[in-house]
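Naming: A, B, ... by sequence-line order, numbering from 1 per chain. Just so it is clear, the model here is predicted, and its values are computed rather than measured.
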Number of protein chains: 2
Amino acid sequence: MVKKETIPAYTHAYEYIRDQILNGELERGTKLTEERLAEEIGISRTPVREAIRKLEQEGLIQNKRVVNPSDMDLRHIFQVRILLEGFAARYCASYMTEEALEKLKSCVEIGRTGTTEEVMTANYEFHQIIVGATNNPMMIDIIDRMQSIIYLFRKTVVYHKRPLLIEEHNDIYLAILQHNGDEAERLMKDHIQKDLEFCLNRMRM
Amino acid sequence: MVKKETIPAYTHAYEYIRDQILNGELERGTKLTEERLAEEIGISRTPVREAIRKLEQEGLIQNKRVVNPSDMDLRHIFQVRILLEGFAARYCASYMTEEALEKLKSCVEIGRTGTTEEVMTANYEFHQIIVGATNNPMMIDIIDRMQSIIYLFRKTVVYHKRPLLIEEHNDIYLAILQHNGDEAERLMKDHIQKDLEFCLNRMRM
DNA sequence: TTAAATTATTTTGTATACATTTTTTATGAA
DNA sequence: TTCATAAAAAATGTATACAAAATAATTTAA
């Protein structure tokens, strides 16, 4: 016997609703009702309610609606990202396992040669790897939440099409490789700032 | 008619349990059971459960027990604080309302002349004011959570007795007043770092 | 006595019912 | 028509019951 085999209904509900939101099947601003979701998933309201509350705390739901962040919200989120990920990049420059370095490199590689889907995933992972390398669960958790909110806009804002994005990733990777912490931090901050600007521009279109 | 007048039971439960934890009436590591709390508060398990889940997400409860952060956990928390509050101090140096500046000054003043309780509150507020001035709800929320976890140690670690604490606050205040962002950030980071070290030392005693 | 296994007990997870609140729709006065 | 009000419908909040799982206590074999 390994571990759990029965997944609780509220976990199921949580994953189901979260997926729907991140897929865009539940659009930004959509009103969520416990009963409808419960019926849809085939469980009672109780665990659905629990799942909704959790998503509410994570910022994906705001008073029973799928969150629809404003320009300002995004600026705030990106500000936090700049600070935490800037630090993370610097941290990686001081030390990073061979394995993680390899992964970073491969993300850049895929960014150049992969399919649209692959590129998107690789770009996302590039940041995940850097933050993950800090081994700071608080930081990882915070960034995770912010990333998922940003992810809501992936249809509107096709990030992977931003010019120079991959080259910026590569530059960050190189700075880390060369143990140049100052540079790694600076590049990461600039990079995220450019992402924000790209994002805000696209949202107005 | 103004607004709400009936406070939902889960809000009541949330506040009640949170208070108990922060007061230390529920000690670190204490197991929480829904039924006992429900009975104590005089409501059913449902809203209590909701409250517990919320506190779990906030990091004050971890698998049904009052959280008991390790050294490492505190390091991680303080690392995030250093980054966000360092930025906040810099931000304040670029612009801060007269009102907020006055409040900062008064916190330093109380730090020098107030009673133990007053000093503790003023020191706490000093940081709150600076973070609040960024008007970044994400940042405010993150810092809030971390502060409440740190607050759990206020009995073990009598922060206000740390030497130089008030003078450090005053230096930060002055740097902000003089619009010296670099200095404000640096001082804030050093200050929080010293708090961490003080805290870790005390925990081992 | 120790440790495994079994049984009791407690605690959690889920469904359901109902009361309360909120939202929507309908109705009527200006 | 527009606005306010009333009535209806929908959705949420809470209590309760019971099933399932986790913990604690007890028994039994080595």
Side-chain angles (χ1 to χ4, degrees), chain A residues 1-22 24-70 141 152, chain B residues 1-21 24-68 70 141 152:
Chain A
M1 207 116 306
V2 196
K3 277 213 167 172
K4 301 202 165 191
E5 32 210 324
T6 46
I7 293 148
Y10 69 85
T11 303
H12 183 220
Y14 169 77
E15 286 169 359
Y16 178 87
I17 300 168
R18 190 170 190 275
D19 279 359
Q20 294 256 321
I21 292 174
L22 293 181
E25 284 172 69
L26 283 168
E27 285 182 9
R28 277 176 275 141
T30 311
K31 177 88 192 286
L32 299 179
T33 72
E34 295 171 7
E35 204 157 283
R36 204 183 57 66
L37 285 166
E39 203 174 356
E40 201 172 312
I41 302 172
I43 58 181
S44 84
R45 269 179 57 214
T46 314
V48 169
R49 193 180 165 77
E50 214 163 292
I52 289 177
R53 280 281 147 81
K54 189 166 182 196
L55 289 161
E56 228 157 16
Q57 287 240 311
E58 289 180 15
L60 283 176
I61 295 179
Q62 238 163 36
N63 53 295
K64 313 277 156 190
R65 289 175 184 280
V66 178
V67 71
N68 191 4
S70 66
D141 186 69
L152 290 173
Chain B
M1 204 118 306
V2 196
K3 275 214 167 171
K4 300 200 167 194
E5 31 211 324
T6 46
I7 294 147
Y10 69 86
T11 302
H12 183 219
Y14 169 78
E15 286 169 359
Y16 178 87
I17 300 168
R18 188 169 191 276
D19 279 359
Q20 294 256 320
I21 293 174
E25 285 172 68
L26 283 168
E27 285 181 9
R28 277 176 274 142
T30 311
K31 177 88 193 283
L32 300 179
T33 72
E34 296 170 8
E35 204 157 285
R36 202 184 59 67
L37 285 166
E39 204 174 355
E40 201 173 312
I41 302 173
I43 58 180
S44 83
R45 270 179 58 216
T46 314
V48 170
R49 193 181 165 77
E50 212 162 294
I52 289 177
R53 280 280 145 81
K54 188 166 182 197
L55 289 162
E56 230 157 16
Q57 287 241 312
E58 290 181 14
L60 283 176
I61 295 178
Q62 237 163 36
N63 53 293
K64 313 277 156 192
R65 287 176 185 282
V66 177
V67 72
N68 191 4
S70 67
D141 185 71
L152 290 174

A:I17 and A:L60: CA distance, side-chain angles, deciding distance, side-chain contact (heavy atoms from CB on, under 4.5 Å) verdict: CA-CA 10 Å; A:I17 300 168; A:L60 283 176; over 6 Å; no
Atom CZ in A:R28, atom CD in A:Q62: separation rounded to 0.5 Å? 13.0 Å
If you measure from CD on B:E25 to OG1 on B:T30, what distance do you get to the nearest 0.5 Å? 11.0 Å
Provide, to the nearest angstrom, the distance between the CG atom belonging to A:N63 and the P atom belonging to C:dT21. 19 Å
Listed pairs under 3.5 Å, donor-acceptor, residues 35-43 of chain B side chains, sequence neighbours left out:
residue: B:R36; atom: NH1; partner: B:E40; partner atom: OE1; Å: 2.6
residue: B:E40; atom: OE2; partner: B:Y16; partner atom: OH; Å: 2.4

How would nucleotides 7-15 of chain D be written as a contact map, 5' to 3', with B for base contact, S for sugar-phosphate-only contact and - for no contact, using protein heavy atoms under 4.0 Å? ----SBBBB
Polar-atom pairs under 3.5 Å, protein N or O versus N or O of nucleotides 19-21 of chain D: list them with distances, or write none.
residue: D:dA21; atom: OP1; partner: A:T6; partner atom: OG1; Å: 3.4

Determine whether A:I61 and A:I21 make a side-chain contact, defined as any pair of heavy atoms from C-beta on separated by less than 4.5 Å. yes
Contacts of B:D141 that satisfy salt bridge (Lys or Arg N to Asp or Glu O under 4.0 Å) - sequence neighbours left out: B:R145
Using side-chain hydrogen bond (donor to acceptor under 3.5 Å, both in side chains) as the criterion, list what pairs up with B:R45, not counting sequence neighbours. B:E34
Return the set of residues passing side-chain contact (heavy atoms from CB on, under 4.5 Å) with A:T46 (not counting sequence neighbours), or none when no residue passes. A:S44
